[in-house]
Amino acid sequence: MVKRERGFSMMEIVVVLAIFGIFIWIIVVLTADMRTWEKKMPVNFMTHPEVSAVVSRLRRDVQDACCGYYPASENEWVQGPSTLIVETLLENNTLEYAVWDFSKAGEVTRIAFVGNPGKERSRWTAHGTPTFKILSFDVEKGPVAVRVQAIDQKGKLAIDQIFQPRPH
Amino acid sequence: MSLHITDYNRQMARQRGFSLIEVLIALLVLAIVITTTMAMFVERQKRMQAASETILAYQAIANEIELRRRIPYGSLEGSGTNFLSPTEILGPLTPYAATVAVGPPENYVRPVTITVRWRGGQRVERITITRVDTGGGSLW
């Protein structure tokens, strides 16, 4: 009768470890390029529908800006790195003041005012957005452009767009 | 003697487990499945990477277009081949080359081509805008 021993022999364990090692080495080699790239690249915010909606709408507002272009304040909002106020002309020839509020983390709100004093006409909020920063960008022969930046959690610049008012 | 052999055969028939051939075939099938899955995963990552790089390049190109549209038509020739807009957004694509080429005028129209190249020239994104001489002075 054959004596039945429990367990594995040393050779069996060595062979299994070698096979696992080869498998893990293949995975590491295949994903090496991916891991290097992940460290280098910022988060791709533009594929997020809310973020691309914010950028598109902001572009339209700045391009439609006219007259005073960027008022210093509107109601309780003051022009600054987390607030953009743009004066635009509506189709019925009235002025609209669009206030873009970037002060709340993860949220962007656009509030539109008409008239003097400004009466709120509409309000739109986008959620799940990065923190935007507004800068001015000087352009030769024309009104100041708006530079919109967003930085991801790794501190990398993910969005950097310049918008200019169009001539009317 | 024959009793011993019959006993042995019965013992063999009742043994639990898999034969070597079965194990080898199972390992082969598993290897094919894993290899295919890994290949799909790697390809997906490469395409996502390419898409992210393209988005960065197009952001820089869009910024340059905004500025190039403002240059008076008569000054296009001397506007230079380097980007006038900031190119910090192209940092992850380093080394890259961002250039602008102003084409020759044809019936008061000049093409302006904005190009970004990276990965040693393997990836290229470009947009050509058309500037028209409307005969006016400053836009503003």
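Just so it is clear: chains get the letters A, B, ... in the order the sequence lines come, proteins before strands, and each one is counted from 1.
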For [X], which atoms come within 4.5 Å of any heavy atom of chain A: side chain, backbone, both, or neither?
{"X": "B:Glu53", "result": "both"}
{"X": "B:Ile89", "result": "both"}
{"X": "B:Leu56", "result": "side chain"}

Worksheet, complete the sentence: Heaviest contributor of heavy-atom pairs below 4.5 Å to chain B, chosen from A:Gln149, A:Met34, A:Lys156, is A:Met34
Worksheet item: Counting heavy-atom pairs under 4.5 Å to chain B, which of A:Val43, A:Ile159, A:Thr31, A:Thr47 comes out on top?
Response: A:Ile159
Discussion item. Counting heavy-atom pairs closer than 4.5 Å to chain A, which one of B:Gln59, B:Gln45, B:Glu88 comes out on top?
Written reply: B:Gln59
Response to the item:
Looking only at B:Gly91, B:Pro86, B:Ser85, most heavy-atom pairs under 4.5 Å shared with chain A are made by B:Pro86
Contacting moiety of [X], where chain B heavy atoms sit under 4.5 Å:
{"X": "A:Glu38", "result": "neither"}
{"X": "A:Ala158", "result": "backbone"}
{"X": "A:Asp160", "result": "both"}

Worksheet item: Would you find more than 12 non-hydrogen atoms of other residues, nucleotides or ligands less than 6.0 Å from A:Lys154 atom NZ?
Response: yes
Worksheet item: So do B:Val112 and B:Ile65 actually touch side chain to side chain, heavy atoms under 4.5 Å?
Response: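 The answer is no, as the side chains (C-beta and beyond) never meet within the 4.5 Å cut-off.
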Fill in: Contact check, side chains of A:Met46 and A:Val55, non-hydrogen atoms, under 4.5 Å
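Of all side-chain heavy-atom pairs linking A:Val55 with A:Met46, at least one is under 4.5 Å.
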Worksheet entry | Presence of salt bridge, A:Arg57 and A:Glu50, under 4.0 angstrom | no
Worksheet item: Salt bridge or not for B:Glu125 and B:Arg117, using N-O below 4.0 Å?
Response: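 No, B:Glu125 and B:Arg117 are not salt-bridged.
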Fill in: Aromatic ring pairing A:Phe113/A:Trp77, orientation class (parallel under 30°, perpendicular over 60°, tilted between)
tilted
Item to complete: Step by step, work out the salt bridge (Lys or Arg N to Asp or Glu O under 4.0 Å) result for A:Asp61 and A:Arg110.
Response: CA-CA 10 Å; A:Asp61 274 346; A:Arg110 178 189 184 273; 2.7 Å; yes
